[in-house]
Amino acid sequence: MPDQTTETSPAPGPVRSYLDVPADHPFGLQTLAYGVFSTEGTAPRVGVRVGDLVLDAGACAERAGMESGEVWLGPTLNPFLAQGRQAWGAARAWLTEVLTQDSHRDCVEPYLVPLEQVRMHLPFEVADYVDFYASEQHATNVGRLFRPDSEPLTPNWKHLPIGYHGRAGTVVVSGTDVVRPSGQRKAPSEAAPTYGPSVRLDIEAELGFVVGGSTVIGQRVSVNDAHEHLFGVVLLNDWSARDIQAWEYVPLGPFLGKSFATSISAWVVPLDALASARVQLPTQDPQPLPYLVGDGTAYGLDIHYEVELNGTVVSRPEYRDLYWSPAQMLAHLSVNGASVRPGDLFGSGTISGTDRGTRGSLLELSWNGAEPVTLADGSTRSFLEDGDVVVLRAWAPGPGGSRVGLGEVRGTIVPAAD
């Protein structure tokens with residue numbers, strides 16, 4: 001990245017460009033999201049979204065004489081993620097400069113590509129993938145469904161961010177079809193398990209956090225230092241085969257019911273773009289152990305979601321309601337000395353609120369099939385059918401009343417493989 005070491009403070013209002021980008025565009029200069037794109041006949045490389053254009057970031061930096069911009073010439077964000085917080089801040093400051101100062105037109109305009117002409121790719125190579133369970137209301141709903149005669153929250157839930165390790169190799173970019181998984185399933189009324197395609201295929205509306213920098217085994221990331229490793233966010237749909245999961249998850253947790261596909265959005269929005277969206281966490285009672293408290297500056301994010309199924313918006317979850325912060329999740333992930341690597345990804349877990357219209361999974365929306373969801377065409381769903389199209393969208397407040405767009409993550413269910 002440009003050889004600068006200082007970060008700029010968040011701008012007091014939307015930043016205006018000499019480019020013809022509407023002031024209210026969710027991917028204006030207040031966002032500056034990163035992705036990996038290609039055009040016909042060209043190799044994938046890093047791009048920065050500016051309105052409905054994509055800036056070929058590496059070529060632009062090369063034209064400007066920035067040798068450090070070579071990390072943007074490759075097919076993944078991982079080399080950039082490896083550079084760490086100072087480089088990320090410097091890059092954002094440089095991009096803002098070249099997109100707002102007219103003297104830089106010559107190194108910008110030749111490298112802008114209309115969005116409709118690009119193909120988007122997985123933005124980074126996923127090093128490790130962890131999924132958390134950070135929504136108190138989601139955990140409560142699931143507890144009520146499956147343990148109606150017990151306390152809905154397990155005894156450990158308010159003491160630590162619960163999570164499981166997923167499969168990094170099945171994280172896919174938005175637009176990738178999702179093949180219905182097959183596996184063992186056993187209903188409570190059945191005497192023995194059977195094998196076949198999942199009949200209770202579900203979604204989970206989540207926020208994914210993209211990690212940069214690195215640590216060595218035995219080194220912990222504190223809550224106070226988590227910001228040094230939290231690069232940005234993606235929308236995340238952690239597809240779930242509830243029937244496969246229900247049969248396998250005792251005693252070791254999710255496995256095949258989760259590992260077949262996790263979809264993420266094509267654009268990674270830097271956490272620096274979400275400075276205006278920071279909110280206080282809900283009251284955490286009992287107070288977590290000191291390693292999860294730090295200096296008390298851990299925060300939540302005011303991000304507004306919508307979940308669309310076959311063109312019908314079926315839910316509008318609110319991320320700000322989540323109990324555990326991203327800093328606490330990263331601190332807990334590494335407290336045992338587990339190392340972090342550029343391209344690590346962790347999900348928030350399903351985002352759900354108290355009202356039915358804010359639940360982030362079909363399991364909750366249909367209350368395990370007892371209350372099917374009605375779509376605009378009159379059909380109903382308790383779980384997903386082949387051909388169904390699911391789209392998650394989200395946005396956050398930006399500086400000066402602007403919006404920061406998080407884009408969308410889209411997936412279509414296709415029949416199970418033979």
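Residues passing the side chain to side chain donor-acceptor pair (under 3.5 Å) test with Glu151: none are found, sequence neighbours excluded. Evaluation of the side chain to side chain donor-acceptor pair (under 3.5 Å) rule for Ser198 yields Asp243 as partners, not counting sequence neighbours.
The backbone N or O of Leu207 lies less than 3.5 Å from a partner atom in the side chain of Ser348, making a donor-acceptor pair. Between the side chain of Asp225 and the backbone N or O of Ser222, no donor-acceptor pair lies under 3.5 Å. Here the side chain of Ser276 pairs no donor or acceptor atom with the backbone of Pro397 at under 3.5 angstrom. Side-chain N or O atoms of Glu408 include none that pairs as donor or acceptor with a backbone N or O of Ser265 at under 3.5 Å. Judged by distance alone, the side chain of Asn237 and the main-chain N or O of Ala205 form no donor-acceptor pair under 3.5 Å. Arg200 places no side-chain N or O within donor-acceptor distance of the main-chain N or O of Gly369, the cut-off being under 3.5 Å. No donor-acceptor pair under 3.5 Å is formed between the side chain of Asp302 and the backbone N or O of Val279. In terms of modelled atom types and a separation under 3.5 Å, the side chain of Ser135 and the main chain of Ser352 share a donor-acceptor contact. Between the side chain of Ser17 and the backbone N or O of Leu99, at least one donor-acceptor pair lies under 3.5 Å. Remark: side-chain polar atoms of Gln30 are paired, donor with acceptor, to backbone N or O of Arg403 under 3.5 angstrom.
Heavy-atom neighbours of Arg167 CZ from other residues, nucleotides or ligands within 6.0 Å: at or below the threshold of 12. For Arg356, the CZ atom is densely surrounded, since the number of other residues' heavy atoms within 6.0 Å is greater than 12. Residue Gln219 places its CD atom among more than 12 non-hydrogen atoms of other residues, nucleotides or ligands, all under 6.0 Å distant. The local environment of NE2 in His165 is sparse, with at most 12 non-hydrogen atoms from other residues, nucleotides or ligands closer than 6.0 Å. Heavy atoms from other residues, nucleotides or ligands lying under 6.0 Å from CG of Asp295 number more than 12. Counted within 6.0 Å of OH on Tyr249, heavy atoms from surrounding residues, nucleotides or ligands total 12 or fewer; the atom is thus considered open. Environment of OH in Tyr164: crowded, with over 12 heavy atoms of neighbouring residues, nucleotides or ligands closer than 6.0 Å.
The distance from the CG atom of Leu362 to the CG atom of Leu201 is 9.0 Å, given to the nearest 0.5 Å. Taken to the nearest 0.5 Å, the CG atom of Leu309 stands 9.5 Å off from the CG atom of Leu365. Distance OG1/Thr350 to CD/Glu364: 6.0 Å, rounded to 0.5 Å. Distance CZ/Phe27 to CZ/Arg49: 4.5 Å, rounded to 0.5 Å. Glu62 contributes atom CD, which lies 9.5 Å from atom CG of Asp56 (distance to the nearest 0.5 angstrom). Taking CG of Leu322 as the start and CG of Leu301 as the end, the distance is 10.0 Å to the nearest 0.5 Å.
Contact check on Arg393 versus Glu306 returns a salt bridge, with a Lys/Arg side-chain nitrogen under 4.0 Å from an Asp/Glu carboxylate oxygen. Checked for salt-bridge contact, Asp272 and Arg92 miss the test: no charged N lies under 4.0 Å from a carboxylate O. Taking the charged nitrogens against the carboxylate oxygens, Asp386 and Arg180 do have a contact shorter than 4.0 Å, which makes a salt bridge. For Arg320 and Glu318, the salt-bridge test fails: no basic side-chain N is under 4.0 Å from an acidic carboxylate O. A salt bridge between Glu248 and Arg185 is absent, with no side-chain N of the basic residue lying under 4.0 Å from a carboxylate O of the acidic one.
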Practice problem: Could you go through the side chain to side chain donor-acceptor pair (under 3.5 Å) check for His25 and Asp52 one step at a time? | Solution: CA-CA 9 Å; His25 199 293; Asp52 293 325; 3.1 Å; yes

Quiz prompt | Verdict with supporting geometry, Val130 and Met329, side chain to side chain contact (heavy atoms under 4.5 Å, CB included) | solution = CA-CA 10 Å; Val130 172; Met329 288 185 262; over 6 Å; no

Practice problem: Could you give me the CA-CA distance, side-chain angles and deciding distance for Asp321 and Ile351, then say whether side chain to side chain contact (heavy atoms under 4.5 Å, CB included) is met? | Solution: CA-CA 8 Å; Asp321 296 331; Ile351 305 163; over 6 Å; no

Quiz item: For Glu204 and Lys258, what are the C-alpha separation, side-chain angles and deciding distance, and is it a salt bridge (Lys or Arg N to Asp or Glu O under 4.0 Å)?
Solution: CA-CA 10 Å; Glu204 289 192 344; Lys258 295 280 194 174; 2.8 Å; yes

Practice problem: List the steps, then state whether side chain to side chain donor-acceptor pair (under 3.5 Å) holds for Ser263 with Trp239. | Solution: CA-CA 8 Å; Ser263 298; Trp239 307 90; 2.8 Å; yes

Quiz item: Could you go step by step and tell me if Phe383 and Asn368 meet the side chain to side chain contact (heavy atoms under 4.5 Å, CB included) rule?
Solution: CA-CA 9 Å; Phe383 295 96; Asn368 202 22; 4.0 Å; yes

Practice problem: Please report the C-alpha distance between Leu32 and Thr96 in whole Å, then the side-chain angles of each, then the deciding distance to 0.1 Å, and finally whether the side chain to side chain contact (heavy atoms under 4.5 Å, CB included) criterion is met. | Solution: CA-CA 8 Å; Leu32 293 180; Thr96 301; 3.7 Å; yes

Quiz prompt | From CA spacing to verdict: side chain to side chain donor-acceptor pair (under 3.5 Å), Thr140, Gln137 | solution = CA-CA 5 Å; Thr140 298; Gln137 194 56 52; 5.0 Å; no

Exercise. Show your reasoning for whether side chain to side chain donor-acceptor pair (under 3.5 Å) applies to Asp285 and Thr283.
Key: CA-CA 6 Å; Asp285 183 23; Thr283 300; over 6 Å; no

Exercise. Go through the steps to decide whether Tyr305 and Trp395 satisfy the test ring-ring contact (aromatic ring centres under 6.0 Å, His included), and finish with yes or no.
Key: CA-CA 7 Å; Tyr305 275 69; Trp395 63 274; over 10 Å; no

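Between Tyr18 and Val108, the closest side-chain pair of non-hydrogen atoms falls below 4.5 Å. A 4.5 Å side-chain heavy-atom check between Gln280 and Tyr299 finds every atom pair outside the cut-off. Taking the side chain as every heavy atom from C-beta outward, Val293 and Val223 never approach each other to under 4.5 Å. Between Val404 and Leu274 the shortest side-chain heavy-atom distance falls below 4.5 Å. Proximity of Val113 to Thr39: side-chain heavy atoms (C-beta onward) are separated by under 4.5 Å at one or more points. Between Val234 and Val210 the shortest side-chain heavy-atom distance falls below 4.5 Å.
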Contacts under 3.5 angstrom, residues 115-129 side chains, donor-acceptor by atom type, not counting sequence neighbours:
unit_1	atom_1	unit_2	atom_2	d
His121	NE2	Ser38	OG	2.7
Asp128	OD2	Arg341	NH2	3.1
Tyr129	OH	Asp238	OD1	3.3

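Ring geometry, Tyr133 versus His138: the interplanar angle exceeds 60°, so the pair is classed perpendicular (tilted spans 30 to 60°). Ring geometry for Phe132 versus Phe346: interplanar angle over 60°, hence perpendicular rather than tilted (30 to 60°). The aromatic rings of His332 and Tyr291 sit parallel, their planes meeting at an angle under 30°, below the 60° perpendicular limit.
Taking the six-membered ring where the residue is Trp, the centroids of Trp267 and Tyr34 are separated by 6.0 Å or more.
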